[in-house]
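All remarks here apply to the structure that follows.
Index from 1, following the sequence. Ligands are counted one by one from 1 in listed order, and the atoms in each one are counted from 1 as well.
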Amino acid sequence: MSTHELFATRASRMKASEIRELLKLLDQPGIISFAGGIPDPALFPAEGFSAAFQAALGPNQQAQALQYSVSEGYVPLREWLIDHMGSIGVKCGLENILITSGSQQALDYLGKLYLSPGDTALVGWPTYLGALAAFNAYEPRFDRLSINGNRGAAEYAALAGEGAVKFAYLSPDFANPTGETVDLRGREALLDLTDQLNCAVIEDGAYQALRYDGDAIPPVLALELACKGSIEDCRTIYCGSFSKTLSPGLRVGWVVAAKPVISQMVLMKQAADLHSATINQMAIDQVARACFDTHIPMLRRVYGARRDAMLQALQDHMPDGVQWTKPEGGMFVWLTLPVGTNGAELLARALDTVKLAFVPGGAFFPDGSGSNTIRLSFSNSNEDTISEGIRRLGEVLRA
Ligand SMILES: Cc1ncc(COP(=O)(O)O)c(C=O)c1O
């Protein structure tokens with residue numbers, strides 16, 4: 001008997017996606033890719049990082065930078081985050097913050113912390129694929145989070161069966177994959193629903209800082225805090241990330257929550273990786289202090305212009321029957337194609353005939369629906385490339 005027959009049941013729920021195979025073709029010359037939701041590397045604050053790493057490896061800091069450190073995270077960075085979270089309406093203390101290895105690690109820990117097999121996780125339909133993958137390992141049921149009031153707490157609880165509804169997960173600002181934002185009323189309705197269900201809220205703020213127009217809406221955690229007065233009474237757990245603003249490669253994210261949640265997550269971190277890389281946290285801290293306030297407006301200008309170019313090109317080139325979202329920030333536009341058009345087949349054809357890549361939307365649905373949707377990312381292409389890519393998309397859709 002080979003050892004792969006000994007894998008735990010959860011392993012059978014972890015599947016490699018077929019799209020990955022197709023997207024391996026991305027290295028071909030002449031391909032235009034709207035597939036990856038990644039920052040443009042030309043916009044990384046590389047000089048700032050170079051200075052920060054040099055300082056961290058210099059005589060004054062190297063003993064700390066190269067050493068083990070505390071699981072909770074580098075204290076100066078957590079202090080910077082107290083101010084940053086305060087600036088978006090979340091008053092918290094040092095003990096409410098844990099540094100994680102990207103916000104992806106926080107999603108994994110929260111799945112581990114809350115989900116027993118058979119429990120229910122409420123998620124958007126579609127939702128961020130990485131969140132589905134992280135939660136899926138803990139063998140939950142997924143149910144569709146609807147915050148517009150057409151499903152009440154009693155219905156959710158009845159459907160949860162033997163398990164319980166443990167949390168609602170959402171990315172309220174410029175979600176991956178749709179680019180959509182939950183308005184103030186929706187955030188309040190979510191808090192009402194989760195109060196009735198007595199479940200946690202996992203607020204994914206990965207794109208929160210990248211707003212290109214419209215007024216900022218307070219995070220769900222800020223709204224809850226304003227109502228309840230203390231973060232210790234809040235059910236919302238905020239996951240933040242430096243990946244979309246400073247650098248994804250350094251793997252630095254953070255969680256803000258009530259102390260009992262953070263303490264439990266610290267134990268998980270001790271068991272998983274002890275702490276996030278000390279030198280990376282020190283570098284992020286130095287760069288955030290030096291340039292976060294000037295870097296973000298620059299990203300907003302550049303990505304905002306790319307978003308505009310994509311929306312204009314869609315207007316110019318899409319055939320009748322195609323609909324798309326108009327995101328106020330983030331990195332994605334979400335297309336709904338006429339019923340019967342299959343996003344995965346369209347990708348295969350687009351790669352083959354017009355050298356264009358994007359992500360078919362079906363993967364973002366827990367039940368495999370949404371086959372007539374696709375996700376386009378505008379963050380990593382300039383305006384001319386975006387216009388040409390959307391022209392190609394129009395061509396392949398008409399063919
Ligand atoms: C909505 C969302 N949350 C979390 C992540 C994970 O980001 P990271 O682990 O780099 O912080 C991503 C990455 O694409 C994302 O789109």
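With Glu328 contributing its side chain and Gly214 its backbone, the two residues share no donor-acceptor pair below 3.5 Å.
With rounding to the nearest 0.5 Å, the separation of CG in Leu129 from CZ in Phe365 is 12.0 Å.
The side-chain heavy atoms of Asn176 and Ser171, taken from C-beta on, include no pair separated by under 4.5 Å.
Every pair passing side chain to side chain donor-acceptor pair (under 3.5 Å) that includes a residue from residues 118-131 is listed here, sequence neighbours excluded: Gln104-Tyr128, Asp119-Lys166, Thr120-Arg141, Trp125-Asp367.
Checking Asp273 against Ser101 by side-chain atom types alone, a donor-acceptor pair falls below 3.5 Å.
Using a 4.0 Å heavy-atom criterion, the residues that approach ligand 1 are Gly102, Ser103, Gln104, Tyr128, Asn176, Asp204, Ala206, Tyr207, Ser241, Ser243, Lys244, Arg251.
By the 6.0 Å and 45° rule, Arg151 stacks over the aromatic ring of Tyr156.
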